[in-house]
Amino acid sequence: QVQLVESGGGLVQPGGSLRLSCAASGISLDYYAIGWFRQAPGKEREGVSCDSSGAAIPYYADSVKGRFTISTDKTKNTVYLQMNSLKPEDTAVYYCAAALPRSGYGCYDIYEYWGQGTQVTVSS
């Protein structure tokens with residue numbers, strides 16, 4: 001059974017940091033690309049940072065460039081999202097998703113699997 005489990009969310013002050021984890025089971029990250037998404041109340045889900053097939057550099061939304069970093073530890077079958085210099089606007093539920101290889105760069109239109117999300121709240 002395929003599972004994606006996010007962890008690492010919580011409450012942090014503006015300017016602080018969090019490291020989110022996406023632990024995958026039932027699939028190998030050798031064959032899937034992971035994307036991080038977030039959704040705030042009343043807003044559409046947006047792609048935050050996504051790995052793409054054949055892309056050497058991951059995609060980052062303009063709002064998080066220079067602050068967030070996606071990385072993968074294939075030995076642990078886990079993808080991380082390091083979040084620095086957090087802002088209140090980053091408050092959202094963060095999801096990881098896994099997609100089979102597709103064409104294009106950035107976050108894909110379709111992801112086969114989704115985690116249940118982890119809450120990130122940035123507030124003083």
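Of the inter-residue distances, the one linking Y95 atom OH with C22 atom SG reads 13.0 Å to the nearest 0.5 angstrom. Here the straight-line distance linking atom CG of L18 with atom CG of L81 works out to 9.5 Å at 0.5 Å rounding. Interatomic distance, OH of Y94 versus OG of S7, reported as 15.0 Å (0.5 Å rounding). The OH atom of Y80 sits 15.0 Å away from the OG atom of S49 when rounded to the nearest 0.5 Å.
Around the CG atom of D109, the shell of radius 6.0 Å holds no more than 12 heavy atoms that belong to other residues, nucleotides or ligands. Atom CD of Q116 sits in a sparse spot, with 12 or fewer heavy atoms from other residues, nucleotides or ligands closer than 6.0 Å.
The shortest non-hydrogen separation linking A40 to A92 is N-CB, 3.9 Å. The shortest heavy-atom contact between A61 and G47 is CB-O, 3.5 Å. Closest approach of G106 and Y111 over heavy atoms only: O-OH, 4.5 Å. Here the shortest heavy-atom pairing between R67 and L86 reads NH1-CA, 3.8 Å. In terms of heavy-atom proximity, L29 sits nearest to K74 at O-CE, 4.1 Å. Nearest heavy-atom pair across Q82 and N84 is NE2-OD1, 3.0 Å.
W114 and L20 are assigned to two separate hydrophobic clusters, defined by single-linkage of ILVMFWY side chains at heavy-atom distances under 4.5 Å. One hydrophobic cluster, built from ILVMFWY side chains closer than 4.5 Å, holds both Y113 and Y31.
Counting only heavy atoms from C-beta outward, the side chains of I34 and T72 never approach each other to under 4.5 Å. Residues Y59 and I70 fail the side-chain proximity criterion, which asks for heavy atoms closer than 4.5 Å. Taking 4.5 Å as the limit, every side-chain heavy atom of V122 sits out of range of all side-chain heavy atoms of M83. F37 is not listed as a side-chain neighbour of V93, based on a closest heavy-atom distance of 4.5 Å or more. Here the side chains of W36 and P58 are not in contact, with every heavy-atom distance at 4.5 Å or above. C96 is not listed as a side-chain neighbour of V79, based on a closest heavy-atom distance of 4.5 Å or more. Annotation: side chain of L100 is in contact with side chain of Y32 (closest heavy-atom distance under 4.5 Å).
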Residue pair R38, D90: steps toward the salt bridge (charged side-chain N to carboxylate O under 4.0 Å, His left out) verdict: CA-CA 9 Å; R38 66 186 182 187; D90 296 318; 2.9 Å; yes
Audit row: S123, L11, side-chain contact (heavy atoms from CB on, under 4.5 Å) steps and yes/no: CA-CA 7 Å; S123 176; L11 175 64; 4.3 Å; yes
Check against salt bridge (charged side-chain N to carboxylate O under 4.0 Å, His left out), E89 and K43: CA-CA 12 Å; E89 307 93 272; K43 299 182 66 177; over 6 Å; no
Derivation of the side-chain contact (heavy atoms from CB on, under 4.5 Å) call for I27 and L4: CA-CA 9 Å; I27 60 171; L4 300 176; 4.2 Å; yes
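The main-chain N or O of T78 is never found under 3.5 Å from a side-chain atom of D73 such that the two would form a donor-acceptor pair.
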